[in-house]
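Written out below as structure tokens is the structure these notes cover.
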Amino acid sequence: MDKAYDPKNIEQPVYERWEKDGCFAPSGEGEPYCIMIPPPNVTGTLHMGHAFQLTVMDMLTRHARMCGRDTLWQPGMDHAGIATQMVVERQLNAEGLDRRDLGREAFVERVWKWKETSGGKICEQQRRIGASVDWSRTRFTMDDGLSEAVRKVFVDLYDEGLIYRGKRLVNWDPVLLTALSDLETLSEEEDGQLWHFRYPVLDDDGNHKEHLIVATTRPETMLGDTAVAVHPDDDRFKTLIGREIELPLVGRRIPIIADSYVDPEFGSGCVKITPAHDHNDYEVGQRHDLPLINILNDDASLNDSVPEPYRGLTREAARKQVVADMERDGFLERIDPHRLMVPRGDRSGAVVEPYLTDQWYVRIQPLADPAIAAVKDGRTRFVPENWSKTYFEWMNNIQDWCISRQLWWGHRIPAWFDEAGNVYVGYDEADARRRHQIGDDVALTQDNDVLDTWFSSALWPFSTLDWPEQTRELATYYPTTVLVTGFDIIFFWVARMMMMGLKFAGDVPFAEVYIHGLVRDESGQKMSKAKGNILDPIDIIDGIDLESLVRKRTASMMQPHLKDKIEKATRKQFPKGIPSFGTDAMRFTFASLATTGRDIRFDLGRVEGYRNFCNKIWNAARYVLMNTDGAAIRTDATPGVAERWIRTRFRATVEEVQRAFEAYRFDRAAQAIYEFVWHEYCDWYLELTKPTLRADDVGADAARQTLLEMLEATMRLAHPVMPFITDDLWRRTRSRLGADATGTVMDQPFPKAADYAEDVDAEHDVAWLKGVILGVRQIRGEMNIAPGKPLPVLLVNATEADRSRLHEHGTLLKELARLESVTLSEMDSAPPSATALHGVMQILVPMAGLIDPVAEAARLTKQIEKQRKELAKTHGKLGNDKFVSNAPADILAKEKARAADLESALTRLDQRLSAVNAML
RNA sequence: UGUCCGGUAGCUCAGCUGGAAGAGCGCCGCUCUCACACGGCGGAGGUCGCUGGUUCGAAUCCAGCCCGGACAACCA
């Protein structure tokens with residue numbers, strides 16, 4: 001065995017063996033347990049968020065599997081319509097091509113090719129992270145089966161009237177030339193201006209002496225104004241209601257209307273109404289039956305419904321021109337600086353236009369109601385629970401879902417048009433003809449649009465289980481056990497799976513939803529390519545040199561000017577690159593960071609700490625294996641106090657870890673494992689076995705047996721978190737126990753607390769040992785006595801229990817505390833000494849040239865101070881009549897005992913101090 | 001503006017069904033001792049955001065406020 005832990009040597013071979021041996025497939029026995037992977041986009045490679053999420057799912061999956069559940073972790077990927085199309089389009093652009101050059105069919109073929117490479121990379125990454133998914137069931141949202149499910153859902157919803165086609169204002173991305181759903185636009189506050197225009201009011205005789213002031217953030221839209229609105233109760237404008245305005249630059253006559261949407265307090269109290277280019281104005285337009293004048297082309301340039309001089313201008317150019325012309329004609333009142341929310345497409349970053357087009361919609365309310373009810377009555381439970389509020393908040397205000405996208409990559413909408421523009425929906429063209437009795441003589445063309453990616457994602461929990469086919473898998477694993485996902489897609493995905501699952505699979509898609517936070521960098525920044533702070537999980541596992549890291553972070557930047565800054569920051573933060581930490585260390589870090597908070601800051605320092613933890617385990621195993629080499633293991637040897645102690649500690653640890661898993665508290669599970677392995681098994685138990693093994697008597701057999709047993713069980717306990725190192729060490733240990741070691745720890749049973757006896761006596765005995773040893777160490781440490789120097793120790797004022805424990809465990813005590821001798825003594829006969837207290841017993845280390853009395857006096861004084869403060873607090877409580885009369889008896893007794901302990905300790909410390917002082 | 005989350009040691013975070021302030025990392029000493037220097041031993045470091053209230057007792061419960069964040073919505 002290597003002296004140091006090196007993950008490179010163990011991780012990949014272990015995974016290959018698992019996969020080859022088919023360890024990831026469901027056992028087919030036991031209570032079903034199923035997790036659907038949130039299918040990653042095939043756009044590129046996995047980031048830290050994916051790695052975190054995969055770790056969480058894998059921990060749950062491995063734990064469930066070891067607990068005997070029939071466990072399926074369903075893998076797959078998402079075609080990610082817009083995102084993937086953009087990636088491939090960018091590749092084409094780099095070759096000087098445009099997707100239109102290729103044509104739809106060739107382009108889609110090219111995307112499929114990209115999907116193969118990208119998808120392959122993603123699977124490879126998932127393997128490196130240790131994901132125990134059932135690869136044989138891998139699905140892709142555009143597989144034949146899943147596409148069939150999509151068509152069936154579309155047709156069924158259409159037949160029920162829950163899908164309709166409508167002309168409405170949509171969020172239009174003028175760069176990608178497609179409609180977006182509300183969720184796909186992100187609004188951010190930006191600096192802009194508020195232009196105040198004078199609109200002339202027409203007299204009865206057609207003149208205009210009066211005018212109104214309207215304010216707008218989008219001057220160019222005035223070319224599409226069809227009214228000006230005021231508040232009905234606004235006395236300033238009451239007389240103007242019903243009169244007309246002559247729209248400058250256009251000459252159109254538009255009415256002044258009254259609508260309570262107008263806020264009289266804001267701006268001038270008059271609002272220009274452009275129903276075709278603003279969502280609020282659209283509503284006003286509907287109420288007042290105003291005409292809709294669309295003034296834009298697809299790419300947001302101005303179309304022919306505006307006066308000639310503006311035609312063909314981009315919206316930005318048109319804005320400048322309109323403002324200039326208004327000023328020229330004396331219609332510009334003033335321009336104020338103004339901060340406003342600007343909606344941008346989440347993929348393109350382009351300012352989104354409210355744009356009047358024909359799109360397909362899902363009527364959502366009838367689907368939302370059951371989905372709300374399911375969470376309300378607990379059929380689906382959010383963890384942490386408060387996320388259900390976020391869910392309700394959105395579901396209660398949900399709008400119809402625009403599902404058509406003007407893209408080439410995705411599920412083409414199963415609808416056909418005849419030449420008159422009538423629409424026919426069906427599974428395919430033949431089906432559409434059959435359903436609507438359309439003869440072959442009528443030409444039909446399929447709708448060019450594809451469906452929103454999230455339409456197919458919404459079916460994922462049952463479409464991957466072969467729905468609409470009623471398979472055994474569907475019956476067994478649906479509803480799934482838990483969904484693990486980020487809060488950022490509760491609306492995009494969770495809510496829609498709920499709606500579709502209830503509608504089509506007849507039940508909720510999952511019993512629980514575990515919502516985790518976002519992985520941020522060490523300073524709390526969101527990780528993004530533009531910020532240059534992304535970390536590739538593989539680089540944490542394998543390590544990466546500085547130059548490669550810089551190259552990786554600055555390659556194919558969308559904004560090249562950030563390159564220098566990113567390079568500098570990277571060189572500063574990782575002067576030596578990133579060392580190899582291994583998967584287990586990374587996973588342990590994720591586990592320990594998985595608290596209930598909203599986002600998690602990823603700190604490489606912690607990965608290093610947990611890599612060290614792996615090394616600790618490795619070396620503990622080395623110790624165990626070295627000491628059990630060739631030894632016959634006797635299972636009947638009588639265990640010593642240390643053996644009984646470590647088993648009872650293990651029992652408590654198993655309880656804690658099990659509880660933590662059940663509550664999705666991976667941080668607690670990780671902490672319990674860390675604490676047990678390092679601070680109990682290694683720090684104390686291993687040390688306690690050393691004298692026993694040296695003595696090589698009967699006790700040594702029990703020690704060897706227990707060392708192995710505990711190591712073996714600990715590997716099972718830690719396996720869900722650290723699958724690789726535990727598998728490797730488990731097999732080495734298992735063979736020592738004389739059992740079959742050809743298997744893997746992953747199909748072994750998870751430890752059960754009940755298998756390990758609770759042993760209060762052992763706990764007390766070892767607590768005594770630790771207490772005395774710690775006392776000696778403290779004197780050693782603070783008096784700067786070499787750790788290896790054997791010390792004589794006197795025990796004064798020992799109780800019966802102290803004496804019997806000394807008799808029983810004196811050898812262990814001497815060895816671990818490195819004592820030359822331990823002697824019971826009376827205070828009177830004790831030489832000048834340094835002192836530590838353990839209960840009422842005093843531990844004395846004679847000074848005799850070793851210890852400086854001045855230093856010891858200072859040390860004692862400090863301790864006395866500390867204890868005095870504590871005692872004052874306790875006396876305060878006990879002196880309070882209300883406390884004494886109201887506090888429960890056990891608390892009161894505890895407080896009294898505490899006061900007594902402190903008092904006696906102080907007395908002793910004072911005695912020692914005066915003894916030391918007498919020497920000065 | 002609303003909803004939600006957070007404010008505990010230098011940093012990252014546990015603890016929050018109320019009864020003596022915790023971990024990891026970092027820091028300061030000592031130490032390469034026969035599993036491990038990716039180690040061992042010892043130590044320093046906190047008016048638990050602020051103000052009130054409930055209580056014998058509050059980091060923990062309640063109210064208000066301040067600060068930070070996320071998400072919704074929005075006034076042209």
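Quick note on labels: first sequence line is chain A, next is B, and so on, each numbered from 1. Small disclaimer: the values here were computed from a predicted structure and weren't measured.
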Between [N] and [M], how far apart are the two [atom1] atoms, rounded to whole Å?
| N | M | atom1 | result |
| --- | --- | --- | --- |
| B/G46 | B/G10 | C1' | 11 Å |
| B/A44 | B/A9 | C1' | 11 Å |
| B/A14 | B/G40 | C1' | 26 Å |
| B/C11 | B/U47 | P | 13 Å |
| B/U54 | B/A63 | P | 15 Å |
| B/G49 | B/C13 | P | 15 Å |
| B/C62 | B/A21 | C1' | 23 Å |
| B/G15 | B/G7 | P | 10 Å |

Please pick, from B/A35, B/A76, B/C36, the nucleotide with the shortest atom-to-atom distance to any side-chain atom of A/Asn615.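 Of the candidates, B/C36 comes closest.
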
Check every strand shown and say whether [X] touches a base, only sugar-phosphate, or nothing at a heavy-atom separation below 4.0 Å.
| X | answer |
| --- | --- |
| A/Cys682 | base |
| A/Trp195 | nothing |
| A/Arg777 | sugar-phosphate |
| A/Glu385 | nothing |
| A/Glu608 | nothing |
| A/Arg218 | nothing |
| A/Tyr261 | base |
| A/Lys690 | base |

According to a strict under-4.0 Å criterion, is [X] in side-chain N/O contact with OP1 or OP2 of [N]?
| X | N | value |
| --- | --- | --- |
| A/Arg606 | B/G24 | no |
| A/Asn784 | B/G42 | no |
| A/His338 | B/A76 | yes |

Between [N] ([atom2]) and [X] ([atom1]): distance, integer Å:
| X | N | atom1 | atom2 | result |
| --- | --- | --- | --- | --- |
| A/Asp599 | B/G68 | CG | P | 16 Å |
| A/Arg622 | B/C34 | CZ | P | 12 Å |
| A/Tyr391 | B/U3 | OH | P | 21 Å |
| A/Ile600 | B/G69 | CD1 | C1' | 16 Å |
| A/Lys866 | B/A21 | NZ | P | 12 Å |
| A/Trp394 | B/A70 | CH2 | C1' | 17 Å |
| A/Leu604 | B/U12 | CG | C1' | 13 Å |
| A/Tyr623 | B/C36 | OH | P | 11 Å |

Looking just at side-chain N and O atoms, do A/Thr583 and A/Glu11 make a donor-acceptor pair shorter than 3.5 Å?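 Side chains of A/Thr583 and A/Glu11: pair found under 3.5 Å.
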
Does [X] reach the main-chain N or O of [Y] with its side chain, forming a donor-acceptor pair under 3.5 Å?
| X | Y | result |
| --- | --- | --- |
| A/Asp521 | A/Gly524 | yes |
| A/Asn615 | A/Tyr5 | yes |
| A/Asn886 | A/Lys882 | yes |

Could you pick out which residue, A/Ala786 or A/His679, lies toward the 5' side of RNA chain B when each is mapped onto its nearest nucleotide?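 Checking each residue's closest nucleotide, the 5'-ward one belongs to A/His679.
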
Pairwise 5' ranking along RNA chain B for A/Asn880 and A/Val271, keeping only the more 5' one: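 Taking each residue's closest nucleotide, the earlier one in sequence belongs to A/Asn880.
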
Can you check whether any acceptor in the base of B/C38 is under 3.5 Å from a donor in the side chain of A/Arg611, or vice versa?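 Per atom types, the contact qualifies.
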
Between the base of B/C4 and the side chain of A/Lys389, is there a donor-acceptor distance below 3.5 Å?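 When only heavy-atom distances are counted, A/Lys389 does not reach the base of B/C4 through any donor-acceptor pair under 3.5 Å.
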
The criterion is salt bridge (Lys or Arg N to Asp or Glu O under 4.0 Å); which residues satisfy it with A/Asp234, sequence neighbours excluded?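 For A/Asp234, the residues satisfying salt bridge (Lys or Arg N to Asp or Glu O under 4.0 Å) (neighbours in sequence not counted) are A/Arg236.
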
According to salt bridge (Lys or Arg N to Asp or Glu O under 4.0 Å), who are the partners of A/Asp728, at least two apart in sequence or on a separate chain?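 Checked A/Asp728 against salt bridge (Lys or Arg N to Asp or Glu O under 4.0 Å); matches are A/Arg732.
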
Rounded distance (nearest 0.5 Å) linking atom CZ of A/Arg868 with atom NE2 of A/His875: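 Answer for the CZ-NE2 pair, A/Arg868 versus A/His875, is 12.0 Å.
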
